[in-house]
Amino acid sequence: METRGLWLSIVGCLLMAALGFGFAHLTGSEAIFLDGVFSLVNFVMSLVMLSVSRLIRRSADRRFPFGYASFEPAFNVLQSMVILGVMLMALSSAVAALYQGGRSLEAGVATFYAAIASAGCLAVHLVLRHIARVTGSSLIEVDAFAWLMDAVLSGVVLCAFAFVWQFGELLGDQLPYVDAWMVIGMVAVMLPVPARILYRNLMEVLLAAPSSRVQRQIRSAFAEAMQDIPGRRWSLSMTKTGRSLYLHARILVDDAYRGAPVEQADAWRETLTERMGEFVHEQEFDVVFTTDPDYL
C-alpha cells in the first residue's frame with residue numbers, strides 16, 4: 001500500500017509540474033512557476049523516496065547492524081531542506097520583482113490553472129493521508145504534507161487570481177505587484193511546515209528521545225509489564241528512528257534472585273518482550289538485569 005501511494009505521488013507530481021510550467025509560460029506568473037518548481041522537486045524526491053521505502057524494509061546486516069530505519073528520517077531531512085531552499089529562492093525572486101516594477105499576467109488563464117491545480121493537489125493529499133494513517137509510514141506522511149502545501153499554494157493563487165480577474169481595475173497601479181505579493185504570502189504561510197518536519201526528523205537522525213507523550217505512554221506500559229518481574233528498580237532509555245522505536249531497559253533484581261540462572265533471566269526477558277510487543281519488536285528491545293545499583 002505504501003508503494004502504491006508513492007507511485008501516485010510520482011505520477012501526480014509529474015503531471016502537476018507539466019501543468020504549472022505550461023500555464024506559467026502562458027500567463028507570465030511567477031507564482032504559477034513556483035507551483036511548477038515545487039511539483040518538480042516533489043517528483044524528484046518521490047522517486048528517491050521509492051528507493052528509500054524499499055531500503056528500510058531490509059533486515060540488519062554487517063554494514064548496518066541496527067537496520068535501515070535511520071534512512072527514513074535522513075531522507076525526510078533532505079526533502080525538507082530542498083523544499084525550504086525552493087521557497088527561499090522564490091521569496092528572493094518575488095522581493096526582487098517588487099523593486100523592478102512588478103510583473104504583468106493573464107489573470108483569467110491563471111484562475112483556470114489554479115482551480116485545476118488546487119483540486120488535484122487536495123485529492124492526492126487526502127488519498128496519501130489515508131495511506132499514511134493505515135500504514136504508519138512517515139515517508140507518506142511527509143509526502144502528504146507536501147501535497148497539502150501544494151494545495152494551499154494553488155488555493156491562494158486561485159483566490160487571488162480570481163479577484164484580479166474580476167476586480168483588477170480597482171488595484172490601479174498596484175496590479176503588476178499582485179503576483180510578487182502572492183509569492184511572498186505563500187512562502188510566509190507555508191514556511192513553518194517544512195521547518196517543523198526538518199526539526200522533527202533531524203532529532204530522529206540525532207537519536208533524540210521521542211515526544212514526552214510517547215515516553216509517558218511507554219514508561220507506563222513498561223511499569224505494568226514489570227509487575228511480576230522481581231526488579232527493585234529499573235531505568236528505561238528510548239529513541240525513535242523513522243518508524244522504529246528502540247528501548248534499552250536496565251533492571252536491578254531483588255536480593256533474593258541475585259544468583260538466578262541465565263535461563264531465568266531469559267524467561268523474564270521473553271515475558272517483557274511479549275508485553276511490550278505493541279511498541280517494539282524483539283530486535284529493538286534490549287533488557288539488562290544487574291545487581292549493581294550504579295549501573296542504572
Side-chain angles (χ1 to χ4, degrees), residues 8-43 45-46 82-84 86-98 101-130 142-197:
L8 171 64
S9 182
I10 290 170
V11 174
C13 286
L14 186 60
L15 292 176
M16 295 306 298
L19 188 70
F21 289 135
F23 275 89
H25 177 72
L26 291 174
T27 63
S29 169
E30 189 73 17
I32 294 179
F33 182 76
L34 169 62
D35 219 12
V37 171
F38 193 82
S39 296
L40 183 62
V41 169
N42 280 342
F43 168 70
M45 299 307 290
S46 293
V82 171
I83 293 173
L84 285 170
V86 169
M87 297 179 78
L88 293 176
M89 288 174 60
L91 180 62
S92 64
S93 176
V95 172
L98 292 178
R103 308 182 184 98
S104 60
L105 54 89
E106 293 290 335
V109 180
T111 302
F112 179 68
Y113 157 79
I116 298 175
S118 56
C121 291
L122 183 60
V124 176
H125 162 71
L126 292 174
V127 174
L128 292 181
R129 187 179 66 173
H130 171 72
V142 171
D143 207 26
F145 265 123
W147 278 100
L148 177 61
M149 291 170 63
D150 214 354
V152 172
L153 289 172
S154 299
V156 171
V157 170
L158 173 61
C159 295
F161 282 153
F163 177 82
V164 172
W165 184 24
Q166 297 298 320
F167 308 104
E169 66 277 1
L170 299 178
L171 298 174
D173 295 339
Q174 298 301 311
L175 183 59
Y177 298 99
V178 169
D179 188 65
W181 280 116
M182 274 195 294
V183 173
I184 293 172
M186 288 189 291
V187 171
V189 169
M190 301 310 301
L191 197 61
V193 178
R196 185 170 62 248
I197 293 173

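A quick note: this is a predicted structure, and the numbers were derived from the prediction, not measured.
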Once you round to the nearest 0.5 Å, how far does CG of Leu8 lie from SG of Cys13? 9.0 Å

Is there a side-chain contact between Phe145 and Pro194 (heavy atoms, below 4.5 Å)? no

CG of Leu40 to CZ of Phe21: how many Å apart, nearest 0.5 Å? 5.0 Å

Worked check of side-chain contact (heavy atoms from CB on, under 4.5 Å) between Tyr113 and Leu26: CA-CA 10 Å; Tyr113 157 79; Leu26 291 174; over 6 Å; no

Do you know the tightest heavy-atom contact between Thr111 and Ala162? OG1-N, 3.4 Å

Is the closest side-chain heavy-atom distance between Ile184 and Leu98 below 4.5 Å? yes

Test item: Met89 and Val86 side chains (from C-beta on) under 4.5 Å apart, heavy atoms: no

Yes or no on side-chain contact (heavy atoms from CB on, under 4.5 Å) for Val11 and Leu15, after CA distance, side-chain angles and deciding distance? CA-CA 6 Å; Val11 174; Leu15 292 176; 4.1 Å; yes

Can you give me the closest heavy-atom contact between Trp147 and Ser9, atom names plus distance? NE1-OG, 3.0 Å

For Ala115 versus Leu158, what's the shortest heavy-atom pair and its separation? N-CD1, 3.7 Å

Are more than 12 heavy atoms, taken from residues, nucleotides or ligands other than Phe23, located less than 6.0 Å from that residue's CZ atom? yes

Gly155 versus Ser118, closest heavy-atom pair with distance: N-CB, 3.8 Å

Residue pair His125 / Ala144: nearest heavy atoms and the distance that separates them: ND1-O, 2.9 Å

So which atom in Met87 and which in Val187 form the shortest heavy-atom distance, rounded to 0.1 Å? O-CG2, 3.6 Å

side-chain contact (heavy atoms from CB on, under 4.5 Å), that's the test. Do Leu126 and His130 meet it? Break it down for me. CA-CA 6 Å; Leu126 292 174; His130 171 72; over 6 Å; no

